[in-house]
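Data first, discussion second: the structure below is written as structure tokens.
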There are 2 protein chains.
Amino acid sequence: MPVHQPSKPRARRPATEARPYHHGDLRRVLIDAALQLAAEGAEVSVREAARRAAVSPGAPFRHFPNRDALMAAAAEEAQRRFRAEIDAALREAPAADPLARFRAFGLAYLRWAMRNPAHFEIISTGRYFAHGSSPDLTRDNAELIALTEQMLVDAAEQGLLRSADLKRIQVAGRALVYGFARMNLDGHFPRWGVGEGEIERMAEGVIDLFIAGIAKP
Amino acid sequence: MPVHQPSKPRARRPATEARPYHHGDLRRVLIDAALQLAAEGAEVSVREAARRAAVSPGAPFRHFPNRDALMAAAAEEAQRRFRAEIDAALREAPAADPLARFRAFGLAYLRWAMRNPAHFEIISTGRYFAHGSSPDLTRDNAELIALTEQMLVDAAEQGLLRSADLKRIQVAGRALVYGFARMNLDGHFPRWGVGEGEIERMAEGVIDLFIAGIAKP
DNA sequence: TCTCTATGTAATCATCGATTACATTTGGCG
DNA sequence: CGCCAAATGTAATCGATGATTACATAGAGA
């Protein structure tokens with residue numbers, strides 16, 4: 001039976017009661033909450049995000065069909081911030097020196113990953129954007145890949161590289177920075193004798209070692 | 001004091017009932033179930049492991065204080081297998097050529113990671129062996145790190161390396177293979193234009209590129 | 001044989017993702 | 001303006017899971 005009854009006529013909301021029935025921009029707030037939870041090292045749960053948005057546990061499902069969709073949206077937002085950082089770094093890099101640009105790219109990549117490890121994990125784990133990912137994210141990724149590819153093509157044309165196998169260089173470079181970022185994320189560096197304070201310097205050193213390795217002597 | 005009461009006289013178990021009350025080696029079976037679940041791409045849940053062992057949902061907690069402890073034990077077992085593979089590869093590598101050994105190490109590492117991605121994730125994610133990890137696992141890891149270090153020291157003594165910064169080379173090499181393995185795990189290769197069938201060949205190519213980069217020309 | 005301890009079961013809890021029925025706003029349309 | 005439909009929030013509920021507790025049973029050794 002309808003247990004339902006307008007028991008509370010719902011007095012006109014006094015000025016002290018801040019939150020209206022409708023939230024305003026719940027979707028956005030949920031994404032931010034998810035990113036913040038991740039950054040705090042906590043598990044991202046839909047309910048906790050709802051709690052932080054001061055909203056009922058079911059409300060988020062009005063905006064996201066399931067938890068993964070929320071995580072995917074958070075990944076998209078994190079990727080947006082990541083991409084902005086990369087672009088900024090490239091704007092400051094010398095336009096004419098492809099290897100310098102390659103280096104700047106790697107450095108910006110690692111710096112962001114070091115400083116936003118949880119967000120880096122979200123955008124790279126693949127769980128949240130691999131198959132059903134947003135077209136934006138897919139395009140964004142393809143653009144970044146094409147960027148590094150172009151740098152290597154330019155470098156090869158200028159005769160800067162020892163090897164002509166650009167694909168191999170590209171994948172190796174990617175594996176290098178990705179692996180470095182994950183080592184940090186997964187807490188491997190203590191075991192490898194790299195102290196907290198040395199990590200960013202080591203990142204730079206590793207990138208330089210790689211570039212020296214591929215560059216024509 | 002035993003609030004205990006023999007309420008049920010409990011009939012003698014008929015011969016048709018196969019499983020005895022005590023399991024025999026539940027701990028072992030649970031670990032195997034966890035590894036198998038991971039290998040199947042499923043989420044590893046304590047209950048599902050218990051189900052596969054045909055045991056009550058609470059039983060696993062007699063052997064592991066919590067889920068993470070089960071995962072840690074599974075990680076330990078996976079690491080044992082991984083280590084065995086590495087050791088086997090090194091036994092077949094030329095004892096006198098440190099760079100060839102370095103290469104063999106990297107290849108064995110990646111081959112195992114490509115063929116056992118889920119197990120590789122368990123042993124590397126750090127979630128299950130970072131802080132309260134078993135001494136065995138910690139020691140094992142330290143040994144592997146020391147192994148690669150020794151190879152590089154030998155190579156340097158034989159004048160095979162371009163750079164004297166062995167630590168940097170070591171970390172870079174580790175980041176390279178770790179990153180490659182994670183790219184595979186995280187499903188990045190399709191985006192990078194590396195087809196399913198080319199991955200192992202690319203792994204070899206990437207390792208060779210790295211070694212060519214650090215070796216004295 | 002008797003008892004202690006290890007190990008398994010049953011019942012129960014809190015949390016979480018997810019769904020459903022219902023309530024409240026809001027915005028558009030007459 | 002007034003009404004209605006769509007959007008958005010709430011409350012109640014479900015099934016699965018990790019975890020705990022009281023109790024049952026088996027096996028080993030005195």
Side-chain angles (χ1 to χ4, degrees), chain A residues 1-14 17-31 33-34 37-38 42-74 127-128 132, chain B residues 1-15 17-31 33-34 37-38 40 42-74 127-128 132:
Chain A
M1 56 180 45
V3 192
H4 213 9
Q5 206 94 358
S7 45
K8 295 183 201 167
R10 179 67 77 147
R12 192 153 312 285
R13 155 170 29 78
E17 187 181 326
R19 201 172 57 78
Y21 188 91
H22 279 258
H23 185 287
D25 196 0
L26 183 53
R27 184 188 155 86
R28 182 37 167 245
V29 171
L30 289 171
I31 291 174
L37 279 170
E43 309 248 339
V44 180
S45 81
V46 176
R47 293 177 102 97
E48 181 59 27
R51 235 168 265 135
R52 299 214 172 178
V55 100
S56 82
F61 293 93
R62 288 291 178 193
H63 298 271
F64 306 97
N66 52 41
R67 176 181 181 277
D68 273 12
L70 169 58
M71 295 307 289
R127 189 132 118 263
Y128 303 121
Chain B
M1 251 4 351
V3 191
H4 211 3
Q5 206 94 356
S7 45
K8 293 184 199 168
R10 179 64 75 149
R12 194 156 310 286
R13 152 170 31 77
E17 187 181 324
R19 202 171 56 77
Y21 189 91
H22 278 259
H23 185 286
D25 196 1
L26 182 54
R27 185 188 155 85
R28 181 40 166 239
V29 171
L30 288 171
I31 291 173
L37 279 169
E40 290 167 12
E43 309 246 340
V44 181
S45 82
V46 176
R47 292 179 102 96
E48 181 58 28
R51 233 168 266 136
R52 299 214 172 177
V55 99
S56 81
F61 293 93
R62 289 291 177 191
H63 298 271
F64 306 97
N66 52 44
R67 177 180 181 277
D68 273 12
L70 168 59
M71 296 307 289
R127 190 131 119 263
Y128 303 122

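Throughout, protein chains are lettered first and strands after them, A, B, ... in sequence-line order, and every chain is numbered starting at 1.
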Q.
Looking at B/E40, I want to see if its CD is surrounded by more than 12 non-hydrogen atoms of other residues, nucleotides or ligands under 6.0 Å.
A. yes
(Q) Please report the distance, rounded to the nearest Å, between CD in B/E48 and P in D/dT17. (A) 7 Å
Q.
Please report the distance, rounded to the nearest Å, between CZ in B/F64 and C1' in D/dT20.
A. 18 Å
Q. Which residue, A/N66 or A/R62, contacts DNA chain C at a nucleotide closer to its 5' end, judged by nearest heavy atom?
A. A/N66
**Q.** Nearest-nucleotide 5' precedence on DNA chain D, B/V44 against A/S56
**A.** A/S56
Q) Taking the side chain as C-beta and beyond, is there a heavy-atom pair between A/L30 and A/R52 under 4.5 Å? A) no
Q: Starting from P on D/dT13, measure out to CZ on A/F61 and report it in whole angstrom.
A: 18 Å
Q.
Is there a side-chain contact between B/R67 and the phosphate of D/dG18, meaning an N or O under 4.0 Å from OP1 or OP2?
A. yes
Q. Quick one: which of C/dC16, C/dT9, D/dT10 gets closest to the side chain of B/V55?
A. C/dT9
Q) Between A/V46, A/I31, A/V44, which is the residue that forms a side chain to side chain contact (heavy atoms under 4.5 Å, CB included) with A/M71? A) A/V44
Q. Are any of B/H63's side-chain N or O atoms less than 4.0 Å away from OP1 or OP2 of C/dA6?
A. no
Q. How long is the line joining CG of A/L70 and P of C/dA18, in whole Å?
A. 10 Å
Q. Taking the side chain of B/R51 as heavy atoms from C-beta outward, which of D/dA19, C/dG17, D/dT17 is closest to it?
A. D/dT17
Q: Side chain of B/R47 only, please: which of D/dA19, D/dT10, D/dG9 is the nearest?
A: D/dA19
(Q) Using whole Å, what does the distance between atom C1' of nucleotide C/dG17 and atom CD of B/E43 come to? (A) 12 Å
(Q) By nearest heavy atom, map B/P65 and A/P57 onto DNA chain D; which one lands nearer the 5' end? (A) A/P57
Q. Roughly how many Å is it from CG in B/L26 to C1' in C/dT9, rounded to a whole number?
A. 12 Å
Q: Might you work through the salt bridge (charged side-chain N to carboxylate O under 4.0 Å, His left out) test for B/R67 and B/E48, ending with a clear yes or no?
A: CA-CA 12 Å; B/R67 177 180 181 277; B/E48 181 58 28; over 6 Å; no
